[in-house]
Amino acid sequence: MKQTIGKLNEVAKGAASQAEAESGIPEGTYSAAKEKYGQLADLQENMSRRLGKEYRQAPSLVKKIFSPQNQGLNKVIKAVEKETGVP
């Protein structure tokens with residue numbers, strides 16, 4: 001399965017390079033966008049995992065943020081602030 005995924009990724013990279021060249025988009029734009037998307041998806045997953053199922057309930061969220069054992073939640077919140085520009 002890993003081999004198949006690797007082959008598909010190589011084909012996608014080739015197609016992206018060709019499409020960039022044909023449309024005049026600077027080379028590497030697709031891969032940069034894909035990398036940024038991956039980072040944001042990982043950040044979202046990390047935040048969701050740390051907040052837990054009940055994160056939409058304000059008291060639970062506030063309790064987790066101010067807990068001494070917040071499981072690294074403050075680091076994730078800082079990363080979200082950095083990405084979004086919203087404190």
Side-chain angles (χ1 to χ4, degrees):
M1 185 144 160
K2 283 185 178 184
Q3 287 177 334
T4 302
I5 291 171
K7 288 178 184 177
L8 289 172
N9 279 332
E10 288 303 316
V11 170
K13 285 179 191 176
S17 294
Q18 182 180 353
E20 288 171 342
E22 290 173 0
S23 62
I25 296 172
E27 188 174 334
T29 301
Y30 170 77
S31 62
K34 183 179 174 192
E35 181 179 342
K36 183 68 171 178
Y37 173 80
Q39 290 170 350
L40 292 174
D42 289 345
L43 182 59
Q44 179 185 20
E45 172 62 28
N46 190 349
M47 184 81 143
S48 295
R49 188 178 65 250
R50 290 178 192 276
L51 289 173
K53 297 189 268 189
E54 293 130 17
Y55 75 92
R56 290 191 174 134
Q57 297 174 351
S60 175
L61 176 58
V62 171
K63 185 177 178 181
K64 284 187 179 196
I65 290 172
F66 292 105
S67 168
Q69 296 90 16
N70 70 7
Q71 299 141 352
L73 183 58
N74 289 338
K75 286 181 183 178
V76 177
I77 290 171
K78 290 289 183 196
V80 170
E81 288 175 352
K82 180 182 173 195
E83 289 297 330
T84 63
V86 178

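For the numbers below, each heavy atom of this structure counts, side chains included, while hydrogens, waters and symmetry mates do not. Position 1 is the first residue of the sequence, and the numbers go up from there.
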Under 6.0 Å from the CD atom of Q39, do we count more than 12 heavy atoms belonging to anything else shown?
yes
K34 versus N9: any side-chain heavy-atom pair under 4.5 Å?
yes
Side-chain heavy-atom pair I77, E81 within 4.5 angstrom cut-off:
yes
Salt bridge (charged side-chain N to carboxylate O under 4.0 Å, His left out) with E83: which residues, sequence neighbours excluded?
K36
Students should find that the hydrophobic cluster of M1, defined by side-chain heavy atoms under 4.5 Å apart, otherwise consists of I5
Please tabulate, one pair per line, all N/O donor-acceptor pairs under 3.5 Å involving side-chain atoms of residues 10-24, not counting sequence neighbours.
| from | atom 1 | to | atom 2 | distance (Å) |
| --- | --- | --- | --- | --- |
| S17 | OG | K13 | O | 3.1 |
| Q18 | NE2 | E22 | OE2 | 2.9 |
| E20 | OE1 | G28 | N | 3.1 |
| E20 | OE2 | T29 | N | 3.1 |
| E20 | OE2 | Y30 | N | 2.6 |
| S23 | OG | A19 | O | 2.8 |
| S23 | OG | E20 | O | 3.4 |

Rounded distance [0.5 Å steps], CD in E35 versus CG in L40:
11.0 Å
